[in-house]
Trainee: 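For reference, the structure I am asking about is given below.
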Amino acid sequence: IQVNAETILGKAGFRQKLKVMYLIKNNFIDLIASDIHAERNNYMEKAYNIIKKKFGAEKANQLFVLNAKTLLNNNGE
């Protein structure tokens with residue numbers, strides 16, 4: 001499952017943030033990405049720092065970097 005960085009910051013509402021944190025804690029989230037288009041704000045760094053603080057650097061790196069690289073390198077295989 002992929003979630004948007006905005007949700008980590010609570011931009012989609014507090015309930016959604018709580019649900020996402022529960023899903024991350026229980027390893028249901030595969031990656032955190034962004035819904036950045038043209039003039040939207042980039043919340044990736046803020047979301048990364050929240051996840052790093054709450055779940056540790058290893059988990060943050062997995063969700064923001066490693067899993068995305070794996071997905072891209074596998075080309076859907």
Side-chain angles (χ1 to χ4, degrees):
I1 299 173
Q2 179 243 310
V3 297
N4 290 332
E6 289 183 348
T7 307
I8 303 299
L9 276 66
K11 301 283 184 186
F14 186 70
R15 279 185 165 169
Q16 285 77 7
K17 178 180 179 177
L18 288 178
K19 287 178 188 178
V20 166
M21 292 301 185
Y22 171 83
L23 293 172
I24 291 170
K25 179 181 177 183
N26 290 286
N27 298 312
F28 290 110
I29 301 298
D30 298 304
L31 57 118
I32 299 170
S34 180
D35 193 17
I36 299 172
H37 300 277
E39 298 174 12
R40 291 187 184 176
N41 291 325
N42 181 341
Y43 296 110
M44 292 294 284
E45 184 175 0
K46 288 180 182 180
Y48 179 90
N49 288 331
I50 289 170
I51 297 303
K52 182 179 173 184
K53 184 176 179 180
K54 186 162 180 74
F55 298 104
E58 184 177 338
K59 184 69 162 182
N61 195 41
Q62 177 188 2
L63 294 173
F64 284 84
V65 180
L66 299 178
N67 289 350
K69 283 183 179 180
T70 299
L71 181 67
L72 291 172
N73 289 335
N74 286 336
N75 295 319
E77 294 177 12

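As the structure is a prediction and not an experimental result, all values here were calculated from the model.
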Trainee: Not counting sequence neighbours, which residues clear side-chain hydrogen bond (donor to acceptor under 3.5 Å, both in side chains) with K52? List them please.
Mentor: none
Trainee: Taking side chain to side chain contact (heavy atoms under 4.5 Å, CB included) as the definition, give me every residue that meets it alongside K53, ordered by chain and number, with sequence neighbours left out.
Mentor: none
Trainee: List, by chain and number, the other hydrophobic cluster members for F14, where Ile, Leu, Val, Met, Phe, Trp and Tyr join if side-chain heavy atoms come within less than 4.5 Å, directly or indirectly.
Mentor: L18
Trainee: Go through the structure and list residues passing side-chain hydrogen bond (donor to acceptor under 3.5 Å, both in side chains) with N26, not counting sequence neighbours.
Mentor: none
Trainee: Applying the 4.5 Å side-chain criterion to the ILVMFWY set and letting contacts propagate, would F55 and V65 be lumped into a single cluster?
Mentor: yes
Trainee: So, the side chain of N67 versus the backbone of D30: is there a donor-acceptor pair under 3.5 Å, distance only?
Mentor: yes
Trainee: Can you tell me how far apart CE (M21) and CD1 (I29) are? Round to the nearest 0.5 Å.
Mentor: 10.5 Å
Trainee: Got a sec, which residues hit ring-ring contact (aromatic ring centres under 6.0 Å, His included) with Y43, two or more places apart in sequence or on another chain?
Mentor: none
Trainee: Does any N or O in the side chain of T7 come within less than 3.5 Å of the main-chain N or O of V3, such that one atom is a donor and the other an acceptor?
Mentor: no
Trainee: When clusters are formed by joining ILVMFWY residues with side-chain heavy atoms under 4.5 Å apart, either directly or through shared neighbours, do Y22 and I24 land in the same one?
Mentor: yes
Trainee: Who passes side-chain hydrogen bond (donor to acceptor under 3.5 Å, both in side chains) against Q16, sequence neighbours left out?
Mentor: none
Trainee: To the nearest 0.5 Å, what is the distance between CG on N61 and OH on Y48?
Mentor: 5.0 Å
Trainee: Is there a chain of hydrophobic side chains (I, L, V, M, F, W, Y, each step under 4.5 Å between heavy atoms) that links L31 to I8?
Mentor: no
Trainee: Would you please test E58 and L66 for side-chain contact (heavy atoms from CB on, under 4.5 Å) and show each step?
Mentor: CA-CA 10 Å; E58 184 177 338; L66 299 178; over 6 Å; no
Trainee: If I compare all heavy atoms of K17 with all of L9, which pair ends up nearest, and what's the gap?
Mentor: CD-C, 4.3 Å
Trainee: Taking atom CD1 of I51 and atom CD1 of I32, what is their separation to the nearest 0.5 Å?
Mentor: 4.5 Å
Trainee: Grouping I, L, V, M, F, W and Y whenever their side-chain heavy atoms are under 4.5 Å apart, do I1 and M44 come out in a common cluster?
Mentor: yes
Trainee: If you measure from CD1 on I50 to CD on E45, what distance do you get to the nearest 0.5 Å?
Mentor: 11.0 Å
Trainee: With distance as the sole criterion, is a donor-acceptor pair present between the side chains of K54 and N49 under 3.5 Å?
Mentor: no
